[in-house]
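See below for the structure under consideration.
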Amino acid sequence: MIIDWHAHLPSPNQQDSFLKWAAKLGIDKLCMSNLASSRPCSIEDFIKCNNEMAEFFKKHQDQVLAYCYVNPSYEEKALEEFEMCIKEYDFVGLKLYYDCHCLDPRVEPLIEKSIELGVPILWHAAQIQRRYMPPPITTSNAAEIAELSQRFPDAMLILGHIGGGGDWEWGIKAVKNAENLFVDTSGSGTELGMIEMAVKELGADRLLFGTDNQLDVGISKIYAADISEEEKKMILKKNGEKILKRRRV
Amino acid sequence: MIIDVNAYLGQWAFRRLRFNTAEGILKLMDRAGIDSAAVSSISAVTYRNVQAGNEELHEMLEASRDRLISLAVINPNYAGWEDDLELCIDEWDMRGVKMHPNYHDYKLTGGNAAALLKIAAKRNLPIFIAVRVEDERQHHWLMKVPGVPMIEIAEVIRAFPNVNFILNYIHFSEATYLMNMLPKNENFYIDVTAHYMMGSFSQGVAKTVKRIGAKRVLFGSGMPLRYPEVALNKINTTELNEEERKLILHMNAAKLLRISI
């Protein structure tokens, strides 16, 4: 099963086309989140986003898996929402954006909960050194997410979009030693060598296929990469299937 | 048949490239199913004297001129450019001119660029404008180079109606600006290199074809900086009839570059 670990709920008038193209491209499951339009978002906003996501997921369970999305600043309320989304809505994991920096202590209970539930957390990440990062300062970069994952070795954290624009060579090197941190391949960036370097430095077993809604671009770069067929299978299918098997609820 | 109108050979100052020799790029082309490519020197993007890059390219293509068509990088602000152009076109059989106004620090609408474009018009040389070479988000922290402004490109398209302008690595939003600014001008072509010019779900390629017709859309990949298969898949995931597909994949390029099919 080819799983796209980084997708987003498109606007209503694009949803049918999105699902149609994903199927045509051989993507079996799209792990989607639905994000609020402004950050940091309110509790009403992220609850609304998750409810919309749940509705869409219910109608398209053959093609879709869903991430819960919260603003960690809401602490116990965010934690409640996360647990509810996993246990009652049957969501696949948690998506965290730049509502809160990854090293903010308010994030920690969510990480601990994800370990308890056996589900992944996908982090939006910037592939850029902190000193060059434009605002907002709550955006986390690869090095910071690597640090977080090293504090929680049992967590399944996913570094979002290594191809999401930015210095991917730096991003790959920044996470090399964070051995429990997965990296998704999504993003509009399709520079030749990106996937090859990620496999060489991190190992194919840490990479997860993703598109960030750039469907044809996202899957083409995996098929085009100068890596073995087995490594492609790992990135497209096997690594993701292992993550699903670690679920405890 | 597939002809790629946006390919590079040489050394890129900002990261190590693979497949950046003649032998290397031919291997990449074979892997992707690309028959021929218009190549320019990527070294020339950052060389002060761009002609050294053209010279390197010419030497590199000694045994590959059947599949690799060369383009001359010209900086019309640099001394001796007229002689360099003559050498490139008349003796080295370079089939067009590649311009990098943003990297070479000149305006397309400036006097020296106009002198070059006048020659292009007189000699029927296609002009390839690299709107960008690399995604700006990847740029070196000491060298942030914005894309070539659409307003300047629009001005020269209008000022030189007898010159064919091929716009390499242009985003869909930028192409839309030009298509809306110049609905009657037919002397500009859009390639599909850009990371924000997509196939499938986003339909950027399809929308461009709908607006200006398949005769003015070209297959370009940005190889070897970018995976050529990614650009090819944009065409494969765009609903086109057979004629449109052929135009985009090779016929338009063959006409512009005088390649016999």
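Letters A, B, ... are given to chains in the order of the sequence lines, protein chains preceding strands, and every chain is numbered from 1.
When side chains are defined from C-beta on, B:R31 counts as touching A:D226, because their heavy atoms get closer than 4.5 Å. In this structure, the side chains of A:W168 and B:R15 come closer than 4.5 Å at one or more pairs of heavy atoms. The closest side-chain heavy-atom distance from B:N233 to A:L25 is below 4.5 Å. Considering only heavy atoms from C-beta on, A:K20 stays 4.5 Å or farther from B:S200 through its side chain. Side-chain contact between B:Q138 and A:Q127 is absent, with no heavy atoms from C-beta onward closer than 4.5 Å. B:Y227 has its side chain out of reach of A:E191: every pair of non-hydrogen atoms, C-beta onward, lies at least 4.5 Å apart. At a threshold of 4.5 Å between non-hydrogen side-chain atoms, the residues A:L192 and B:P228 count as touching.
Of the two parts of B:L28, only the side chain, counted from C-beta on, holds a non-hydrogen atom closer than 4.5 Å to a non-hydrogen atom of chain A. In this structure, chain B has no heavy atom under 4.5 Å from any part of A:A22.
For B:N241, the CG atom is densely surrounded, since the number of other residues' heavy atoms within 6.0 Å is greater than 12. Within a 6.0 Å radius of CD in B:E56, more than 12 heavy atoms belonging to other residues, nucleotides or ligands are found. More than 12 heavy atoms of other residues, nucleotides or ligands lie within 6.0 Å of NZ in B:K144, so this atom counts as buried by the packing criterion.
Once rounded to the nearest 0.5 Å, the distance linking CE of B:M197 with OG of A:S188 reads 13.5 Å. With values rounded to the nearest 0.5 angstrom, A:S220 atom OG is found 9.0 Å from B:K234 atom NZ.
Of the residues considered (B:R226, B:H195, B:Q203), B:R226 shows the highest number of contacts with chain A, using heavy-atom pairs under 4.5 Å. Taking B:L17, B:L232, B:L225 one by one and counting their heavy-atom pairs under 4.5 Å with chain A, the maximum is reached by B:L225.
Relative ring orientation between B:F201 and A:F18 is described as perpendicular, the plane-to-plane angle rising above 60° on a 0-90° scale split at 30° and 60°.
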